[in-house]
Amino acid sequence: MSASPSSSARDQPRSECGPASTDIVVTYGFWLFLISDIVMFAAFFAAYAVLSDRTAGGPTGASLFDLRQVALETACLLTSTLACGMMTLATDRQHRPSLYAAAAATFMLGAAFIGLELSEFSRMVASGAGPDRSAFLSAFFALVGLHGLHVSVGLLWLLVMVAQVGTLGLSPRVVNRLRCFGLFWHTLDIVWIGVFTIVYLGAG
């Protein structure tokens, strides 16, 4: 006589019968979030590509952008990504002092990037090149500002994660959250390379 469905289910491995673990669900959901974020950035890149020559007789990117400052911004963000990678390695080794040092470097470099970007925005607005001046500038402020907003959120997230490491230790759940942060930060680095290439170098 064939086995009943209930007995067959009991005979199957547990991984095939029960729901996925919380860590797997969270990781899968975070990847979906990153993909949706990349799609959103792609839409902003497309809008910028369409509007980049709609200056309405106003200033162009070539006359507005200071490539030396932008290069410094890029160096800060790329170096912060390296520091974030070191933080991930320290997390894997369960070495808190190295983790704190790498997190501090990531935060300071990210904050320097935001400071340089805000100074660029202030200089442009003060010279009459604000987002309401032309479609080109509206697209520029929207794309670059969206990336800067993501970096700012990432800095707040990093502070929360350091606080969690200090209070909860390097538990599996905290480690998983740190890895999600690392993925988020590296994604922002990739997006910025696109911004630097398309927006700033493309304006030259």
Side-chain angles (χ1 to χ4, degrees), residues 30-85 87 103 105-161 180-204:
F30 191 75
W31 274 109
L32 289 179
F33 161 74
L34 285 181
I35 292 171
S36 66
D37 222 28
I38 290 172
V39 170
M40 179 176 61
F41 272 112
F44 276 72
F45 273 112
Y48 178 84
V50 171
L51 301 173
S52 59
D53 59 347
R54 308 293 178 87
T55 60
T60 63
S63 64
L64 287 172
F65 301 150
D66 182 354
L67 291 182
R68 289 176 297 180
Q69 179 173 335
V70 177
L72 184 57
E73 290 180 46
T74 303
C76 286
L77 193 61
L78 292 179
T79 309
S80 77
T81 300
L82 175 62
C84 183
M87 184 177 69
T106 302
F107 183 88
M108 288 187 293
L109 289 165
F113 171 84
I114 291 297
L116 289 168
E117 192 169 87
L118 289 176
S119 70
E120 178 188 29
F121 285 178
S122 299
R123 175 180 56 80
M124 292 174 65
V125 171
S127 66
D132 57 342
R133 177 63 182 82
S134 65
F136 153 65
L137 286 168
S138 294
F140 167 79
F141 276 93
L143 174 58
V144 180
L146 178 66
H147 179 270
L149 178 62
H150 276 69
V151 174
S152 300
V153 171
L155 292 176
L156 293 175
W157 185 2
L158 180 58
L159 290 177
V160 172
M161 290 312 308
C180 287
F181 169 80
L183 288 172
F184 177 76
W185 200 255
H186 295 318
T187 300
L188 295 183
D189 187 33
I190 294 171
V191 172
W192 178 254
I193 291 174
V195 171
F196 179 71
T197 303
I198 295 172
V199 176
Y200 292 102
L201 295 183

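None of these values were measured; they are calculated from a predicted model.
Residues passing the side chain to side chain contact (heavy atoms under 4.5 Å, CB included) test with W157 are F30, M161, C180, F181, F184, sequence neighbours excluded.
The two residues A103 and M87 have their closest heavy-atom pair at CB-SD, 3.6 Å. Residues T60 and F136 share a closest heavy-atom pair of C-CE2, 3.9 Å. The two residues A56 and R133 come nearest to each other via the heavy atoms O-NH1, 3.6 Å. The two residues L116 and C76 come nearest to each other via the heavy atoms CD1-SG, 4.3 Å. Of all heavy-atom pairs between R123 and L64, the closest is NH1-O, 3.1 Å. When all heavy atoms of E117 and G148 are compared, the pair lying nearest together is OE1-CA, 3.2 Å.
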Practice item. Go through F141 and V125 one step at a time and tell me if the side-chain contact (heavy atoms from CB on, under 4.5 Å) criterion holds. Key: CA-CA 10 Å; F141 276 93; V125 171; 4.1 Å; yes
Review point. Would V195 and F41 count as a side-chain contact (heavy atoms from CB on, under 4.5 Å) if you check the C-alpha gap in whole Å, the side-chain angles of each, and the deciding distance to 0.1 Å?
Key: CA-CA 10 Å; V195 171; F41 272 112; over 6 Å; no
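Using cut-offs of 30° and 60° on the angle between ring planes, the pair F140 and Y200 is perpendicular.
In this structure, CG on L78 lies 5.5 Å from CD1 on I193, to the nearest 0.5 angstrom. Atom CG of L188 and atom SG of C84 lie 10.0 Å apart (nearest 0.5 Å). Interatomic distance, T79 OG1 to F113 CZ, rounded to the nearest 0.5 Å: 12.0 Å. Between Y48 atom OH and L143 atom CG the span is 8.0 Å, to the nearest 0.5 Å. For the atom pair I190 CD1 and W185 CH2, the distance stands at 14.0 Å (nearest 0.5 Å). The line from CG of L155 to NE2 of H150 is 13.0 Å long, rounded to the nearest 0.5 Å.
In terms of modelled atom types and a separation under 3.5 Å, the side chain of S80 and the main chain of G110 share no donor-acceptor contact. Looking at S138, its side chain does come within 3.5 Å of a backbone N or O of P131 through a donor-acceptor pair. With S127 contributing its side chain and M124 its backbone, the two residues share a donor-acceptor pair below 3.5 Å. Listed for the E120 side chain is no donor-acceptor partner under 3.5 Å among the backbone atoms of V70.
The six-membered or imidazole ring of H147 lies away from that of F196, with a centre-to-centre distance of 6.0 Å or more.
Annotation: side chain of W31 is in contact with side chain of L183 (closest heavy-atom distance under 4.5 Å).
Each of L82, T81, T74 was checked for a side-chain contact (heavy atoms from CB on, under 4.5 Å) with D189, and the lone residue meeting it is T81.
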